Q: 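Below is the structure I would like to discuss, written out as structure tokens.
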Amino acid sequence: MKYTALKGVHDILPPDIYIWQKAESTAREIFSAYGFQEIRIPIIESTDIFARSIGETTDIVEKEMYTFPDRADRSITLRPEGTAPVVRSYIENHLYNLPSPQKFFYSGPMFRYERPQKGRFRQFYQIGVEAFGTAEPKLDAEIISMLKLFLEKLQLKELKFEVNSIGCSKCRPDYKKALLNFLSDKVSDLCPDCSRRYINNPLRILDCKNSSCAEIRKGSPKITDYLCKECKSHFEEFLSLLNILNISYNINPDMVRGLDYYTRTTFEITSPEQLGGAQKTVAAGGRYDRLVEEFGGPPTPAIGFAIGMERLVEILKALNSDFCIPAPKVFIATIGKNAGLEGLLIAEKLRSKGIRAELGYDNASLKSQLRRADKLGSNYVFIIGDDELQSGMVKWKNLKDGSQGETGIKDATEFKGLY
RNA sequence: GUGAGUGUAGCUCAAUGGUAGAGCAUUGGACUGUGGCUCCAAGGGUUGGGGGUUCGAUACCCCUCACUCACCCCA
């Protein structure tokens, strides 16, 4: 094959596209009900927007970004995630002058240069939301509830909600110190990755899947025991609201998100492994109360999440949820040139009324036209040949029950079966 | 970046070193103007690419490319 898609990118074709559309329209419907408005952000940004927000030492920034110089030698990056561009836009367009909180959603492709596998791609799609301007835990709970409602609308019930609080700039250093202290005499027993993390990013040791590391960190201090007064009460209120909203969740004190900007609330929605492969996180997010300020905006607490569309769609397919594939209302089979013209006129009239009408082509035999009508799932066929032109009638046939009859050519477009 | 597996028809897969096949799909016919079911037929292949061993390679060896899965990381 001469031309193939690049590694880790893929075409989304029918019939899968209907699952995507269903997920997207459901997101729009639910998110709008919560007051989230769509914003469209660029796919390319200055590299430092991502480097500064996600964190210089994270894997995303260190080795996964599609970064290249443009013609004027500026460093450009294909967005690996949506939060940083939305924050940039929020500040650049002075959206903080609008009444708070401001709530947005976006949808589109993200890019990360990784080895592809099930549920992980170089170009992948996210639907994400970001809400700015209040630190109240009510917003955190509302957002989780919105996500739950969205998933329920799509008939997904087997997903698990995990929540945690990773504190703030005040309390996290204390916890980090306690963790380092706990691990100090065990560093040599950690896996090579984790001994590196001990230096750059000790919190990440918590979610290492290596079984010996899991053993070593048994009995390690928990972040939730080290939260400062404010973070602690924020977390407790958040949890009590989840209870009031009847949302079941696990507190997972080992869940550390991979991006540097997170503070306080973090959460993940995961699927059972048999549904989505090893990449089981379908949606994830958290608070980033300092990021707007760090980007040069006014101090503005914020929270958001992103849904991995490919992973979501994979689960929907595994669950065999049925999504309707649009079928034509009527297929117009014609025999001969004159009848072909008459069929074209009828089809055009129906289409202008928004009714999907298909035509037979290429002088195909009536049989093959009917076969095609059947394959398309058409409800009705109209049959027009010389006999019909003579008598001024159209033969109709209902392909679902096999009934047939005649109607005048003049009022074929009013045929009751089509409405 | 690391490791493993797989590449044969549009798809799913056979062919144990001896003439590349089946099912499904496609197109046509049986049924000259009536779909689905059935039967018949046809089209469709440089066996991913390159090299090697051999009288002979889809099969064995080497290289390469692609895909898949997993690690890592993340949505």
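If you're wondering where the values come from, they're calculated on a predicted model, not measured in any experiment. Within every chain, numbering begins at 1; the chains are lettered A, B, ... in the order of the sequence lines, protein sequences first and strands thereafter.
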Q: Using only modelled atom types and a 3.5 angstrom limit, is any donor from either the side chain of A:Gln369 or the base of B:G33 paired with an acceptor on the other?
A: no
Q: More 5' along RNA chain B: A:Ser368 or A:Gly8, using each one's nearest nucleotide?
A: A:Ser368
Q: Please name the nucleotide paired to B:C60 by Watson-Crick or G-U wobble geometry with both distances under 3.5 Å, or report none.
A: B:G52
Q: Go through the side-chain N and O atoms of A:Tyr113 and A:Lys7 and say whether any donor and acceptor fall under 3.5 Å apart.
A: no
Q: Give me the residues of residues 114-122 of chain A where at least one heavy atom lies under 4.0 Å from an atom of RNA chain B, by number, or none.
A: A:Glu114, A:Arg115, A:Gln117, A:Lys118, A:Gly119, A:Arg120, A:Phe121
Q: Can you tell me the distance, in whole Å, between the CD atom of A:Glu406 and the P atom of B:G33?
A: 19 Å
Q: Charged N to carboxylate O under 4.0 angstrom, A:Arg372 versus A:Glu358?
A: yes
Q: Tell me: NZ of A:Lys280 to P of B:A70, nearest whole Å?
A: 13 Å
Q: Who is the Watson-Crick or G-U wobble partner of B:U19, with both distances under 3.5 Å?
A: none
Q: Using the C1' atom on both, measure B:G21 against B:U58 and round to a whole Å.
A: 12 Å
Q: Which base, if any, makes a Watson-Crick or G-U wobble pair with B:U68, both distances under 3.5 Å?
A: B:A4
Q: Using Watson-Crick or G-U wobble geometry with both distances below 3.5 Å, tell me the partner of B:G36, or none.
A: none
Q: Are any of the side-chain nitrogens in A:Asp254 or A:Lys222 under 4.0 Å away from the carboxylate oxygens of its partner?
A: no
Q: Salt bridge check, A:Arg40 against A:Glu38: does any charged N sit closer than 4.0 Å to a carboxylate O?
A: yes
Q: With respect to the phosphate group of B:U2, does any side-chain polar atom (N or O) of A:Lys63 fall under 4.0 Å of OP1 or OP2?
A: no
Q: Could you tell me whether A:Val282 contacts a base, only the sugar-phosphate backbone, or nothing, with contacts defined as non-hydrogen atoms closer than 4.0 Å?
A: sugar-phosphate
Q: When you compare B:U6 with B:G44, how far apart are their C1' atoms, in angstrom units rounded to a whole number?
A: 24 Å
Q: Whole angstroms only, please: what is the CG-C1' distance between A:Asp386 and B:U34?
A: 16 Å
Q: Hey, are A:Glu314 and A:Lys280 close enough for a salt bridge, meaning a charged N less than 4.0 Å from a carboxylate O?
A: no
Q: Taking atom types as they are modelled, would you say the side chain of A:Gln404 forms a donor-acceptor pair with the base of B:U34 within the 3.5 Å cutoff?
A: yes
Q: Please give the distance between the P atoms of B:G23 and B:A41 as a whole number of Å.
A: 10 Å
Q: Taking the P atom of each, how far is B:G45 from B:A9, in whole Å?
A: 10 Å
Q: Are A:Lys153 and A:Glu29 within salt-bridge range, i.e. N to O under 4.0 Å?
A: yes
Q: Using atom P in both nucleotides, what's the gap between B:C72 and B:U64 to the nearest angstrom?
A: 27 Å
Q: By the 4.0 Å heavy-atom rule, please label A:Arg311 as base, sugar-phosphate, or nothing.
A: base
Q: Kindly say if A:Lys7 contacts the phosphate of B:C67, meaning a side-chain N or O under 4.0 Å from OP1 or OP2.
A: yes
Q: B:U26, OP1 or OP2 - any side-chain N/O from A:Lys375 closer than 4.0 Å?
A: yes
Q: Kindly point out which of B:C71, B:A75, B:G33 is positioned nearest to the side chain of A:Lys395?
A: B:G33
Q: For the C1' atoms, the ones on B:G50 and on B:C65, what distance do you get once it is rounded to whole angstrom?
A: 10 Å
Q: Reckon A:Gly128 touches a base, only the sugar-phosphate, or nothing at all at heavy-atom distances under 4.0 Å?
A: nothing
Q: Is A:Arg372 touching bases, backbone alone, or none of the nucleic acid, heavy atoms closer than 4.0 Å?
A: nothing
Q: To the side chain of A:Leu259, which of B:G35, B:A75, B:G33 is closest?
A: B:A75
Q: Taking the nucleotide of RNA chain B with the closest heavy atom to each, which residue, A:Ala278 or A:Ala283, is nearer the 5' end?
A: A:Ala278
Q: Provide the distance between the two C1' atoms, one in B:U16 and one in B:A70, to the nearest whole Å.
A: 31 Å
Q: Rounded to the nearest 0.5 Å, how far does CZ of A:Phe31 lie from CZ of A:Phe36?
A: 8.0 Å
Q: Could you check whether A:Arg257 pairs with A:Glu268 (Lys NZ or Arg NE/NH1/NH2 to Asp/Glu carboxylate O, under 4.0 Å)?
A: yes
Q: Name the nucleic acid region contacted by A:Gln279, choosing base, sugar-phosphate or nothing; use a 4.0 angstrom heavy-atom cut-off, strictly under.
A: base
Q: Which label fits A:Phe415 and A:Trp396: parallel for a plane angle under 30°, tilted from 30 to 60°, or perpendicular past 60°?
A: tilted
Q: Check this for me: does the side-chain of A:Lys367 come within 3.5 Å of the base of B:U34 through a donor and an acceptor?
A: no
Q: Quick one: A:Glu314 CD to B:A75 P, roughly how many Å, whole number?
A: 18 Å
Q: Nearest-Å distance, CD (A:Glu388) to P (B:G33)?
A: 13 Å
Q: Say we look at B:A15 and B:G52: how far apart would their P atoms be, to the nearest angstrom?
A: 28 Å
Q: Rounding to an integer number of Å, can you tell me how far A:Arg79 CZ sits from B:A75 P?
A: 15 Å
Q: How close or far is atom C1' of B:G36 from atom CG of A:Leu366, stated in whole angstroms?
A: 15 Å
Q: If I take atom CG in residue A:Asn379 and atom C1' in nucleotide B:G36, what distance separates them, rounded to the nearest angstrom?
A: 15 Å
Q: Could you tell me whether the side chains of A:Tyr125 and A:Gln123 share a donor-acceptor contact shorter than 3.5 Å?
A: yes
